[in-house]
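Keep in mind that this is a model prediction, so the values were computed, not measured.
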Amino acid sequence: MGVFAERVTRRFSIDRSEIAFLERLEENPFSVRRGDSIAQEYDLAENAFVLMTGWVMSCSRFPDGSQQVRRLHFPGDLLAMPSVPMRHYAEDLEALSDAVIAFFPKHLLAELFYMPRLAAIMYMFAQAERITAGDRLASLGHDSAKARVAFLLMDILHRLRSADESVTNSFFLHLTREQIAHVAGITPVHASRMWNSLIDDGLICCTRRTVSIVDEPRLACLGHYSDRDGDFDYAWLHAVGDLTNAAVVD
């Protein structure tokens, strides 16, 4: 079973035809190296992607050569979905690590409208992603630099767990200190200070590039982090109607 299909079936019971559709999204895998471009803003948006392994970022690039990270992507994520209704990609996609990515023609998603239950599930995932993007925006606009870094670490941990239940409290960090600063909206020097402060407070520890969350409740409290992935309203899915006939995984 594909990584995105597994992510779905961990939360919902879907039938064999629905699983087969999700597996079609991963039929065309290819490998990329860290730093490779996957898609570029303003290129024709013909495909979307499934991130099977590795980390990717979506970002905006500016005429002076600088960039702003828009979102981090982890195994089990769908890439370029905001660009599906557009003629051109709305953002750049760049590999943060060596990765395996599957591409699929975006017109394939039109078949979802013949599978109302699966379409509703995909809608739920899309809205959850929209909410977490809003949470990050609120953090950038309101929280201290230290709280922003805490939010980032909690977001990474929970989203890695979303696709891989073997993830406990540690992960290999594929971000440079400069990239952490970009995501948190602070300078690299300040990011280093806040990072060291989290270590001194006993909230995290770091061995080379492996980060361990030592006190998850305190880190979540500091970062004002909410686990949106655990808050799906399954009753809403049942209310989609008889066509969905959804059986929810307990």
Item to check | Step-by-step side chain to side chain contact (heavy atoms under 4.5 Å, CB included) determination, M52 to E26 | outcome: CA-CA 8 Å; M52 300 172 70; E26 300 184 45; 3.5 Å; yes
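- Distance alone, capped at 3.5 Å, places no donor-acceptor pair between the T210 side chain and the C206 backbone.
- Heavy-atom contacts from other residues, nucleotides or ligands closer than 6.0 Å to CZ of R193 number 12 or fewer.
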Checklist entry - When you look at R71 and E91, which way does the salt bridge (charged side-chain N to carboxylate O under 4.0 Å, His left out) test go after all the steps? => result CA-CA 10 Å; R71 186 167 175 81; E91 57 196 3; over 6 Å; no
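- With S83 contributing its side chain and A90 its backbone, the two residues share a donor-acceptor pair below 3.5 Å.
- Across every non-hydrogen atom of R11 and Y234, the tightest pair is O-CE2, 3.6 Å.
- No single ILVMFWY cluster, assembled from side-chain heavy atoms under 4.5 Å apart, contains both L175 and L140.
- For F172, the CZ atom is densely surrounded, since the number of other residues' heavy atoms within 6.0 Å is greater than 12.
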Next on the checklist: What verdict does the salt bridge (charged side-chain N to carboxylate O under 4.0 Å, His left out) test give for E18 and R117, after you've listed the backbone C-alpha separation in whole Å, the side-chain angles of each residue and the deciding distance to 0.1 Å?
Outcome noted: CA-CA 9 Å; E18 292 164 331; R117 171 173 55 185; 2.9 Å; yes
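- Between Y225 and H158, the ring-plane angle classifies as tilted under the 30° and 60° cut-offs.
- Other residues, nucleotides and ligands place more than 12 heavy atoms under 6.0 Å from the CZ atom of R209.
- For E216, the salt bridge (charged side-chain N to carboxylate O under 4.0 Å, His left out) partners at least two apart in sequence or on another chain are R161.
- Residue-environment remark: CZ (F113) stays at or below the threshold of 12 foreign heavy atoms within 6.0 Å.
- Counted by atom type alone, S139 and H224 present zero donor-acceptor pairs between their side chains at under 3.5 Å.
- Taking CG of L198 as the start and CG of L219 as the end, the distance is 6.5 Å to the nearest 0.5 Å.
- Side-chain heavy-atom separations under 4.5 angstrom define the hydrophobic clusters, and the remaining members of the one that includes F103 are F30, V32, I38, F49, L51, V56, L79, Y89, L93, I101.
- Heavy atoms only, all atoms of each residue included: V100 and S31 are closest at CG2-OG, 4.0 Å.
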Next on the checklist: Test side-chain hydrogen bond (donor to acceptor under 3.5 Å, both in side chains) on D43 and H88; report intermediate values, then the result.
Outcome noted: CA-CA 5 Å; D43 283 352; H88 300 89; over 6 Å; no
Next on the checklist: D201 vs K146, test: salt bridge (charged side-chain N to carboxylate O under 4.0 Å, His left out). Steps then yes/no.
Outcome noted: CA-CA 11 Å; D201 289 347; K146 188 173 179 179; 2.3 Å; yes
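- For the side-chain hydrogen bond (donor to acceptor under 3.5 Å, both in side chains) test with R61, the passing option among Q68, E41, E94 is E94; the others fail.
- Between F12 and F125, the two ring planes are perpendicular [angle over 60°; tilted spans 30° to 60°].
- Closest heavy-atom contact between V149 and A184: CG2-CB, 4.3 Å.
- Not counting sequence neighbours, the partners of R159 by the salt bridge (charged side-chain N to carboxylate O under 4.0 Å, His left out) test are D77, D155.
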Next on the checklist: Please evaluate residues R70 and S60 with respect to the criterion side-chain hydrogen bond (donor to acceptor under 3.5 Å, both in side chains), reporting the C-alpha separation (whole Å), side-chain torsions for both, the decisive distance (0.1 Å), and the verdict.
Outcome noted: CA-CA 7 Å; R70 297 167 66 114; S60 294; 2.9 Å; yes
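- Taking every heavy atom of both residues into account, S212 and S170 meet most closely at OG-OG, 2.7 Å.
- Nearest heavy atom pair, residue D98 against residue R33, reads OD1-NE, 3.2 Å.
- A donor-acceptor pair under 3.5 Å is formed between the side chain of R148 and the backbone N or O of G185.
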